[in-house]
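Some notes on the structure that comes next.
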Amino acid sequence: MITTLLIIHGLIGVALLGALTHQAVSAMRRPSKRTGSFVDRYTGVNQKTFTATVVALYVLGLILGGVIYPNYRLNVRIPFEEMRLGWAVGLFELKEHFAGIGLGVLPVYAYSWSSQTADRSNERTRRILTILLAAIVWWDFLIGHVLNNLRGLA
Amino acid sequence: MNSPLFIYYPLHGDFTWGTQVLKGVGPPMLWYGFLSDALIAGAVAAVCIPGRLANKWLINLVWVFPIATMAVCIFLLRRLFQ
C-alpha cells in the first residue's frame, strides 16, 4: 500500500514538474516573434491555464507525502542515522521544509495569476513566485528519488 | 525555533500538544505541528493585514519571505552536512 502511494506521489511530482516548468520557462521568456521552433512551442503556452492544475497537484502531492511520511520516519530515517548519513537526513529535512514553504506560497501564486491581478504591474512577483515554486518542486522531486535509491520504503 | 503546535509519534500513533518530547514512545515527528503553526499564522495574517496594504505594497515584496525562510532552513540544518 505504501509503495503504491509512493509511486502515485512520484507520478504527481512528474506531472507537477511538467506543468510548473512550462509555466516558469514561459514566464521568463521575453516577447519575441514566433518561429515555430521547439523552444518557441515549449515556452509559448498559455501560462494562466496551468495555475489551477499546479495548485491541485501540489496539494495532492503534499497530502500523499504526509501520509507516507510516518513510514519514512520509522523505516528510512532511523537506518540513515544508524549509518551516520547525516547529509541524507539533512536533504530530506530540507525537502519537507521547502514543501511546506511552497504550500504557503501557493495562495499568493494563485492570486498573482488570477484574472484580476495578471497584469504587468505584478509581472515580476508572478515570475519570481512561479520560478520559486518550480525550484522547490524540482528539488523535492530529485531529493526524493536520490533518497529512495539509497533506501526505499518498506 | 522548535515550537510545533503538536508532536506525532508514528510508532504507536500518539500525539502530544506543545514541544515536550516524550520518552519511550518512539521517534517524534514535528513537521505536522510546524505546518499547523504556519496555517494559524497565515490565517491570522490574512485576517489582520488590510487588503489595501497587501495589494499595494506586500504583493511586490512577498517573494522575499519564502526565499529568506529557505535560507534560514539551510543555515539551521548546516550541521547535518558537516
ask   = Just how far is it from atom CH2 of B:Trp63 to atom OG1 of A:Thr130, taken to the nearest 0.5 Å?
value = 14.0 Å

key: Linked, directly or transitively: A:Leu74 and A:Phe80 (ILVMFWY side chains, under 4.5 Å)   = no

query = Would a hydrophobic clustering, with Ile, Leu, Val, Met, Phe, Trp and Tyr connected at side-chain separations under 4.5 Å, put A:Leu64 with A:Met1?
reply = yes

query = Given the rule that I, L, V, M, F, W and Y join up when any side-chain heavy atoms are under 4.5 Å apart, are A:Leu133 and A:Val14 in one cluster?
reply = yes

message = Hydrophobic cluster membership, with links at side-chain heavy-atom distances under 4.5 Å among I/L/V/M/F/W/Y: are A:Trp138 and A:Leu11 in one?
response = no

request  = Let me know if B:Leu39 has heavy atoms under 4.5 Å from chain A in its side chain, its backbone, both or neither.
outcome  = neither

task = Take atom CZ of B:Arg78 as the centre, draw a 6.0 Å sphere, and report whether it contains more than 12 heavy atoms from other residues, nucleotides or ligands.
result = yes

task = Report whether A:Ile7 and A:Tyr72 are members of the same hydrophobic cluster (ILVMFWY, side-chain heavy atoms less than 4.5 Å apart, transitive linking).
result = no

query = side chain to side chain contact (heavy atoms under 4.5 Å, CB included) between A:Phe92 and B:Leu80: does it pass, once the steps are laid out?
reply = CA-CA 11 Å; A:Phe92 192 88; B:Leu80 289 171; over 6 Å; no

message = If you define the side chain from C-beta out and look only at heavy atoms, does anything of B:Gln82 sit under 4.5 Å from A:Trp87?
response = no

Interface moiety of A:Leu91 toward chain B, non-hydrogen atoms closer than 4.5 Å = both

query = Looking at B:Ile67, B:Leu11, B:Leu61, which one has more heavy-atom pairs under 4.5 Å with chain A than the rest?
reply = B:Leu11

key: Top contributor to chain B contacts, counting heavy-atom pairs under 4.5 Å, from A:Leu132, A:Val89, A:Leu103   = A:Leu132

inquiry  = With a 4.5 angstrom heavy-atom cut-off, is it the side chain or the backbone of B:Leu35 that approaches chain A, or both, or neither?
reply    = side chain

request  = Look only at the side chain of A:Arg73 and the backbone of B:Pro28, and say whether a donor-acceptor pair between them is shorter than 3.5 Å.
outcome  = yes

inquiry  = Applying side chain to side chain contact (heavy atoms under 4.5 Å, CB included) to B:Phe65 and A:Ile101, what does each step give before you reach the verdict?
reply    = CA-CA 9 Å; B:Phe65 297 103; A:Ile101 292 167; over 6 Å; no

note = Smallest heavy-atom separation, A:Thr125 atom then B:Asn60 atom, equals OG1-CA, 3.4 Å

ask   = Closest heavy-atom contact between B:Pro27 and A:Ile78?
value = CG-CD1, 4.0 Å

message = Do B:Ile74 and A:Phe98 make a side-chain contact, defined as non-hydrogen atoms from C-beta onward lying under 4.5 Å apart?
response = yes

Nearest heavy-atom neighbours spanning A:Glu96 and B:Trp31 = O-NE1, 3.0 Å

task = Mind ranking A:Gly66, A:Pro107, A:Pro70 by heavy-atom pairs under 4.5 Å with chain B and telling me who comes out on top?
result = A:Pro70

inquiry  = Could you check whether any side-chain heavy atom of A:His97 comes within less than 4.5 Å of a side-chain heavy atom of B:Phe34, counting everything from C-beta outward?
reply    = yes

task = Give, as side chain, backbone, both or neither, the part of B:Tyr32 having an atom under 4.5 angstrom from any heavy atom of chain A.
result = side chain

inquiry  = Using the side-chain contact (heavy atoms from CB on, under 4.5 Å) definition, which of the options A:Ile136, A:Val105, A:Ile128 pairs with B:Pro66?
reply    = A:Val105

request  = Using a 4.5 Å cut-off on heavy atoms from C-beta on, say whether the side chain of B:Val62 contacts that of A:Tyr111.
outcome  = no

